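One structure is given below, encoded as C-alpha cells.
In the text below, chain A, chain B and the rest are named by the order of the sequence lines, each starting its count at 1. None of these values were measured; they are calculated from a predicted model.
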Number of protein chains: 2
Amino acid sequence: MPLPQTEVPGRLQAHFAERGIRMTQQRRAILRVMETATKHLDAAQLLRKAQRLDASVDRSTVYRTLRLLKRHGLIDELDLMHINGEGHYYERKLGRDHIHMACLRCGKITEFVSDGFERLKQQVEKDCRFRVLISRLEIGGYCATCRGPQ
Amino acid sequence: MPLPQTEVPGRLQAHFAERGIRMTQQRRAILRVMETATKHLDAAQLLRKAQRLDASVDRSTVYRTLRLLKRHGLIDELDLMHINGEGHYYERKLGRDHIHMACLRCGKITEFVSDGFERLKQQVEKDCRFRVLISRLEIGGYCATCRGPQ
DNA sequence: TCGGTAGTCGCAACTGGTCGCAACCGGCGT
DNA sequence: ACGCCGGTTGCGACCAGTTGCGACTACCGA
C-alpha cells in the first residue's frame with residue numbers, strides 16, 4: 001500500500017514540535033518505536049521496546065503518551081475484536097481510515113480501505129447532523145483461507 | 001424504532017433453552033436484567049442490578065455470562081469510544097446492526113441504522129472474500145446540539 | 001548562561017476484567 | 001425419586017489501564 005502524500009513516514013516527532021508539544025527523553029523513545037513499527041503493537045510490547053532505548057520509561061508514561069497521540073489524532077486504537085484478551089493495539093494513522101478485519105480462527109488482521117466507508121461517514125454527517133472526528137470499524141469473521149473453498 | 005419480526009423481546013432465556021445451554025439461578029437473574037434494560041449497561045451496573053434479584057451473583061459470573069452471550073451473538077459489546085474510562089457497555093442484539101455515535105462533548109449516545117452500512121459489509125464479503133460474523137462501527141465527534149448552529 | 005515554572009515523570013494505589021481451582025448444582029438416565 | 005457428572009460458581013490472585021502526588025526537567029525569557 002503506497003503511503004499517502006499528506007503524511008511523511010517517521011515524522012511523529014516533527015508533529016510534536018509543530019504543535020508545540022514538549023519533547024522528552026521518554027517520549028522520544030516511545031515515538032521512535034512507533035515510527036519504526038511494522039505491525040500493530042500493544043502497550044506491553046511498546047513498553048519493552050521503548051525501555052531498550054531508554055530504560056527509565058515507565059508503564060504509565062507509555063499509556064499517557066498513547067493517550068496524547070490519540071487526542072492529536074496521530075494514532076488509532078484498536079480492539080481487534082478482543083482476539084487475545086482485553087488488550088488494545090495501536091498503529092500510526094497514515095492518511096485514510098481503514099477497516100480492520102480480524103479472523104476469529106487464525107487471528108490474522110487484514111486492513112481494507114474502502115470508498116464505501118468514506119461515503120458512510122459522509123452520510124452520518126449529513127443525515128444525523130453529527131460532526132465525525134474519529135471512527136472505528138472492526139469486523140470479526142473468517143478470512144479467505146479459514147472459511148475454506150468457495 | 002419497531003422491533004424486527006425475527007426476534008421477540010424479552011426472550012434471551014428461551015434462546016438458552018433452545019440451544020441447550022444450562023440455566024442457573026445466577027444466569028436467570030443476569031438475563032432478566034438484560035431483558036428489561038432500556039439503556040446501555042456496563043458490567044458494574046449489571047452486577048448491581050442482578051445482585052438485587054440474587055445476592056449470590058459474583059462479578060466473574062457476570063463477565064462469564066456476558067462472554068457467553070457474546071459468543072452466541074445475543075448481545076453486542078461497545079466501547080462507546082471510551083467516553084468514560086476503559087469500561088465496556090452491553091446491549092441486546094435485536095435485528096439489524098446499527099452504528100453508535102458518541103458525542104465527545106456531552107456524552108450522548110446516538111444509534112443509526114443505515115443501508116450503507118449493510119452494503120459496506122457486503123462489499124467486504126465480496127472484495128476480501130471474508131465471512132463477516134460480527135461488526136462494530138463506532139464514531140466519535142460532536143452531536144447536532146454540541147456542534148452548534150450549522 | 002542561568003533560573004523559574006508549567007508540563008512531565010515515576011511510583012504506588014486503585015478500577016475493570018480474567019483465570020485457576022475446589023466446591024457446587026442442573027438436569028438427564030434410571 | 002435419586003444419584004451422577006460435567007458445566008458452572010465464588011473466591012482470591014492476577015493482568016491491563018488509570019490516577020494522584022511529589023520530584024524532576026524542558027524550555028522560555030532575561
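A salt bridge is absent between B:R27 and B:D54; no separation between the charged side-chain nitrogens and carboxylate oxygens falls under 4.0 Å. Taking the charged nitrogens against the carboxylate oxygens, A:K121 and A:D97 do have a contact shorter than 4.0 Å, which makes a salt bridge. With respect to B:D76 and B:K70, no salt bridge is recorded, no charged nitrogen being found less than 4.0 Å from a carboxylate O.
Atom C1' of nucleotide D:dT18 and atom CG of B:D79 are separated by 16 Å, given to the nearest angstrom. Summarising the geometry, the separation between CG on B:D54 and P on C:dC24 is reported as 16 Å, rounded to the nearest angstrom. If you take CG of A:L66 and P of C:dT8, they are 15 Å apart, rounded to a whole angstrom. Across the protein-nucleic acid pair, A:L68 atom CG and D:dT19 atom P stand 14 Å apart, rounded to whole Å. Separating the CG atom of A:L41 from the P atom of D:dA16 is a distance of 15 Å, rounded to the nearest angstrom. The nearest whole Å value for the distance from the CD atom in B:Q13 to the P atom in C:dG26 is 14 Å. The CG-P distance, from B:L69 to C:dG17, rounds to 15 Å in whole Å. A straight line from CG of A:L78 to P of D:dG17 spans 13 Å, rounded to a whole angstrom.
Contact between the side-chain N/O atoms of A:Y63 and the OP1/OP2 oxygens of D:dT18 is not found at any separation under 4.0 Å. Contact annotation: B:H88 side-chain N/O to C:dG17 OP1/OP2 distance is under 4.0 Å.
Residues B:R92 and B:L12 meet the side-chain proximity criterion, which asks for heavy atoms closer than 4.5 Å.
For B:R59, the side-chain atoms get nearest to C:dG17 when compared with the rest of C:dG17, D:dG10, C:dC9. The side chain of B:R67 lies closest to C:dT18 when the candidates are C:dG17, C:dT18, C:dC9. Side-chain atoms of A:D58 lie closest to C:dC11 of the nucleotides C:dC11, D:dT9, D:dG10.
The nearest heavy atom of DNA chain C to A:S56 and to B:A43 marks one nucleotide each, and the one closer to the 5' end goes with A:S56.
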Take nucleotides 22-30 of chain D nucleotide by nucleotide from the 5' end and write B, S or -, depending on whether a protein heavy atom sits under 4.0 Å from the base, only from the sugar-phosphate, or from neither. ---BBS---

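Side-chain contact annotation: B:S114 with A:Q123, donor-acceptor N/O pair under 3.5 Å present. Side-chain atoms of B:E91 and B:H40 form a donor-acceptor pair, as typed in the model, at a separation below 3.5 Å.
Between the side chain of B:R28 and the base of C:dG26, no donor-acceptor pair under 3.5 Å is found. Between the side chain of A:S60 and the base of C:dC9 there is no donor-acceptor pair of N/O atoms closer than 3.5 Å. Side-chain to base pairing of B:R64 with D:dG10: one donor and one acceptor N or O lie within less than 3.5 Å of each other.
Rounding to the nearest 0.5 Å places NZ of B:K49 at 14.0 Å from CD1 of B:I30.
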